[in-house]
Amino acid sequence: MQFTFHPNVYNTNPRSKGLLDLLEQVWIKDRKAGVGVNFIISGFSNYNGGVRFYEIFKEHIDKGGKCIVILGGSTSQRLSSIQVVEQLLEIGCEVHLINRKRLLHAKCYGFISDVDQGVVISSGNFTGPGMSQNIEASLLLRGKHVDELNFSWEELRKSIFSQSWDIYSPTLAKRLDPAWSLLYDESRFKVPFENEQEVTMLLTLVHSDTARIQANRKTKESRGSQYFWVSKESFDFFPALTIKNKRGIKPTYSTIIRMNYVDLGVIDNKCRVTFEAGNNLDFRLGTGKLRYSKLAKPGDLAAITRISEYEYELRVFTKASDTYNKLNHYAINLIGNEGKKYGYIPNDEFFKALAKN
DNA sequence: ATCACTGGGTCG
DNA sequence: CGACCCAGTGAT
């Protein structure tokens with residue numbers, strides 16, 4: 001039994017923080033792929049909400065398991081996206097959309113198998129923000145606690161489908177089916193950019209982030225790609241990571257953004273952000289333009305400002321600067337083992353802090 | 001010349 | 001073993 005109030009506000013178990021952790025517990029930890037049925041019920045959903053789990057669900061389904069997904073759908077509100085539903089169907093999930101004026105607003109996640117069951121009841125939707133930076137409360141029940149409740153996924157499922165609701169079940173084969181009209185398009189420039197998304201990520205840099213920035217041409221140190229490694233919680237800071245890897249075997253999910261390197265006066269239209277789902281869960285921001293520039297060293301603070309859905313600005317503040325001291329205390333999340341910290345500051349406050357210098 | 005990938009390392 | 005850290009190789 002666990003309760004969390006995220007992001008990192010209050011957790012009954014200090015080792016598990018937030019909805020994402022609870023979902024990892026019901027869908028990954030102590031679960032055998034292929035055994036049982038996974039459930040997702042969520043009013044809202046988008047691609048990045050599931051990016052941590054697509055590979056897990058695929059393996060589960062490929063080995064004989066099931067995933068039943070019930071989402072909100074609407075022609076007038078942006079409840080669930082085409083992209084998340086396409087992805088869930090591609091990996092073999094059963095997806096149902098509830099089209100209702102008084103909308104499906106519940107968020108329940110979990111699984112049932114012959115030996116165990118788990119339930120997560122949360123305020124967090126199956127979306128990037130719901131999983132990371134929104135303030136959300138979540139309760140996890142597992143095993144005997146679910147039995148005590150007398151909860152049954154099967155009863156809940158049956159009851160939902162016996163209501164006189166408009167339930168649509170999109171399939172990949174019938175793309176003209178009205179079910180698809182209940183979904184919104186998350187692709188480039190189709191989603192409006194909300195005020196609360198205008199934030200700047202502050203990220204302290206470590207050796208791996210700056211080794212190639214500090215390197216000289218044609219040296220051993222300069223080889224390989226230049227990235228900043230960001231937190232696994234970062235997927236609500238970036239657009240839908242719908243680009244799959246073309247070459248390799250290890251699944252990755254990427255997106256291309258425009259990065260304005262303010263310190264360099266250079267704009268990169270093909271800045272790549274990648275979640276390495278099949279390789280250590282690395283989350284990388286490509287920052288190749290900084291190579292050889294000597295502009296950042298370990299301990300410095302990178303400020304990545306989201307200007308619009310796909311446009312970002314990057315500034316680096318050295319540890320000695322006044323701005324560093326002003327911004328540093330916003331980087332409240334301690335991650336990794338090298339003293340990396342990150343956090344967010346609203347853009348208007350960020351620019352105010354810049355203007356004072 | 002650059003970067004999409006690879007596959008380890010490390011610490012708790 | 002999860003999640004950042006690191007050092008490349010080989011494709012483009």
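Every chain is numbered from 1 and lettered A, B, ... according to where its sequence line falls, protein lines coming before strand lines. We use all heavy atoms of the structure for the numbers below, so side chains are in, but hydrogens, waters and symmetry mates are not.
- Between A/Lys250 and A/Arg291, the residue anchored closer to the 5' end of DNA chain B is A/Arg291, taking for each the nucleotide with the nearest heavy atom.
- Taking only side-chain nitrogens and oxygens, A/Lys29 never comes nearer than 4.0 Å to OP1 or OP2 of C/dC1.
- Contact check, A/Lys340 against C/dC4: no side-chain N or O comes under 4.0 Å of OP1 or OP2.
- For the OP1/OP2 pair of C/dC4 and a distance below 4.0 Å, the side-chain nitrogens and oxygens of A/His207 include no atom meeting the criterion.
- Ring planes of A/Tyr227 and A/Trp229: perpendicular class, angle over 60° (limits at 30 and 60°).
- The only option from A/Phe53, A/Phe235, A/Tyr54 that meets the ring-ring contact (aromatic ring centres under 6.0 Å, His included) definition with A/Tyr47 turns out to be A/Tyr54.
- Side chain A/Arg284 to base B/dT6: a donor-acceptor pair is found below 3.5 Å.
- Residue whose closest nucleotide on DNA chain B sits further toward the 5' end, between A/Gly288 and A/Asp282: A/Gly288.
- Remark: A/Arg52 is in phosphate contact with C/dA3, judged by side-chain N or O atoms under 4.0 Å from OP1 or OP2.
- As judged by a 4.0 angstrom heavy-atom cut-off over every strand, A/Arg212 is placed among the base-contacting residues.
- Between A/Tyr253 and A/Phe238, the distance separating the two ring centers is not shorter than 6.0 angstrom.
- Side-chain to base pairing of A/Asp209 with C/dC5: no donor and acceptor N or O lie closer than 3.5 Å to each other.
- Within the nucleic acid shown, A/Tyr292 comes within 4.0 Å of sugar-phosphate atoms alone, with no base atom in reach, counting heavy atoms only.
- Contacts between residues 219-229 of chain A and DNA chain B, counted as heavy-atom distances below 4.0 Å, involve A/Gly224, A/Ser225, A/Tyr227.
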